[in-house]
Q: 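Handing you this structure, nothing more for now.
Both counts, for ligands and for their atoms, begin at 1 and track the order of listing.
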Amino acid sequence: MAMTTIDGVPIHFFDSGDAGKPPLALIHGFPLSSAMWEAQVAALKGKARLIAYDVRGHGRSGAGDGQYSIELFVDDLFALLDHLKIAKAALCGLSMGGYIALRAVERAPERVGGLVLCDTRSEADSNESKLKRAEAAKAVKRDGSAAFAEKFAPSVFSAASLAAGKPQVALVKRLIAAAPPIGVAGALLAMAGRTDTTAALARIAAPTLVIVGELDALTPPSSAKALADAIPGAELAVIPGAGHLSNLDQPELFNELLAGFLACL
Ligand code: MLT
């Protein structure tokens, strides 16, 4: 991992550096870190210039003042690409990472050479979701990240993965437990305040693949289908047996899809 400072906040990132390969920035879900992409980075070696980074408030990156918006996360993404002298990259974002990718392509389509939108949606939060996030932000500051991890992890894997005690479940709990409560709360408020990017979907010209776990309870296949239907030429892939964190739940199937997408860039 390397580090750069963006807007006064240390941002940790991995850059495979493959010159001449299409750059692909991997944007993790809430409240994880770039470590969730380990299986993808290993499997896609040599197929792309892979960049995986810790969004501020997550992983090894600094939390700053804990006051975030998706807009600020997009600022950080573009600043990181600037730092790496990358004018245009494909973006692969899962869930919160998808919210960041969707706002990034709406804001600066010329910087986005391809999109992989995993287990995510374009709609803003409903009032009910905003209130749940406000409650969760209070809870994580009161009870800490480890307690938050115990509640959150069961919602993002398939029942079979949980029952089998897959190592990925323990990894996710570990990553969340290590996240600073101020970062987790800040990301929750950023997601609650995000804009609705649905109206911009019809203007997306970059090749797009929408991936969703068949058993994703947070952003179900019906949401993914709506997303894919609204983006010209987008393809939809449903991963059998996977929950919300589809890349961790079924890494081999996910990697095949990503490799196929990269081959077409
Ligand atoms: C994520 O996986 O990034 C979050 O669950 C997304 C969300 O809560 O909307």
Side-chain angles (χ1 to χ4, degrees), residues 25-37 40 52-59 61 68-74 76-77 91-104 116-140 145 148-158 161-162 168-169 171-179 181 183-198 210-213 215-224 226-227 239 242-250 254:
L26 299 161
I27 317 171
H28 62 77
F30 163 86
L32 307 174
S33 78
S34 56
M36 71 166 259
W37 298 116
Q40 283 67 53
Y53 71 106
D54 294 346
V55 172
R56 72 164 77 190
H58 298 74
S61 289
Y68 314 143
S69 58
I70 295 298
E71 203 63 9
L72 182 66
F73 290 158
V74 173
D76 289 347
L77 167 65
L91 306 178
C92 172
L94 187 139
S95 203
M96 181 183 77
Y99 306 155
I100 297 170
L102 281 166
R103 177 57 192 145
V116 185
L117 301 168
C118 321
D119 303 278
T120 192
R121 54 159 53 97
S122 59
E123 296 88 10
D125 273 5
S126 63
N127 279 352
E128 189 191 352
S129 303
K130 285 181 208 279
L131 292 171
K132 274 196 196 147
R133 302 230 201 248
E135 195 51 47
K138 248 196 292 187
V140 73
S145 298
F148 188 82
E150 289 304 318
K151 278 204 194 135
F152 184 81
S155 68
V156 291
F157 284 98
S158 63
S161 296
L162 292 168
Q168 291 92 324
V169 179
L171 169 73
V172 161
K173 286 189 184 174
R174 235 184 7 258
L175 294 179
I176 301 175
V184 178
L188 281 162
L189 299 182
M191 291 192 288
R194 75 188 188 277
T195 56
D196 190 312
T197 52
T198 309
V210 177
I211 298 178
V212 68
L215 306 173
D216 184 341
L218 300 186
T219 45
S222 55
S223 301
L227 186 59
I239 301 189
H244 182 61
L245 298 180
S246 57
N247 72 312
L248 285 168
D249 224 340
Q250 296 292 340
F254 188 97

Q: If we check side-chain contact (heavy atoms from CB on, under 4.5 Å) with I27, which of these qualifies: I100, L94, V116?
A: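 Of all the options given, the one that passes is I100.
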Q: Should the ring pair H58 and F30 be called parallel, tilted or perpendicular, given that the plane angle runs from 0 to 90° and is split at 30 and 60?
A: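 Ring orientation, 0 to 90° scale: perpendicular.
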Q: Identify whether the distance between the nearest side-chain nitrogen and carboxylate oxygen of K132 and E135 falls below 4.0 Å.
A: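 No salt bridge links K132 with E135.
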Q: Can you sort out which atoms of ligand 1 are near G29, meaning under 4.0 Å from one of its heavy atoms?
A: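 Counting atoms of ligand 1 from 1, those under 4.0 Å from G29 are 3 (O).
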Q: What is the nearest protein non-hydrogen atom to atom 8 (O) of ligand 1, stated with its residue, atom name and distance?
A: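 Checking every protein heavy atom, the shortest distance to atom 8 (O) of ligand 1 gives R133 NH1, 2.7 Å.
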Q: Any side-chain heavy atom of L77 sitting closer than 4.5 Å to one from Y53?
A: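 Sidechains of Y53 and L77: in contact.
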Q: Would you say ligand 1 has an N or O under 3.5 Å from any N or O of G97?
A: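 Not met; the criterion fails.
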Q: Using a plain distance cutoff, I'd like to know if M96 has any nitrogen or oxygen under 3.5 Å from a nitrogen or oxygen of ligand 1.
A: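 Yes - when backbone and side-chain N and O of M96 are compared with those of ligand 1, one distance drops under 3.5 Å.
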Q: Compute the shortest N/O to N/O distance between R194 and ligand 1 and return yes if it is under 3.5 Å, no if not.
A: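 Not met; the criterion fails.
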Q: Where is the nearest protein heavy atom to atom 4 (C) of ligand 1: which residue, which atom, and how far?
A: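 In this structure, atom 4 (C) of ligand 1 has S95 OG, 3.3 Å as its nearest protein heavy atom.
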Q: For Y68 and F73, take the angle between the two ring planes, folded into 0 to 90°, and tell me which bin it lands in: parallel under 30, tilted 30 to 60, perpendicular over 60.
A: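 Tilted.
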Q: Of the protein's non-hydrogen atoms, which lies at the shortest distance from atom 9 (O) of ligand 1, and what is that distance?
A: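 Closest protein heavy atom to atom 9 (O) of ligand 1: Y99 OH, 2.5 Å.
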Q: Does the plane of the ring in F254 sit parallel, tilted or perpendicular to the ring in W37? Use 30° and 60° as the thresholds.
A: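 Correct class here is tilted.
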Q: Please state which part of L218 comes within less than 4.0 Å of ligand 1, counting heavy atoms only: side chain, backbone, both or neither.
A: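 Side chain only.
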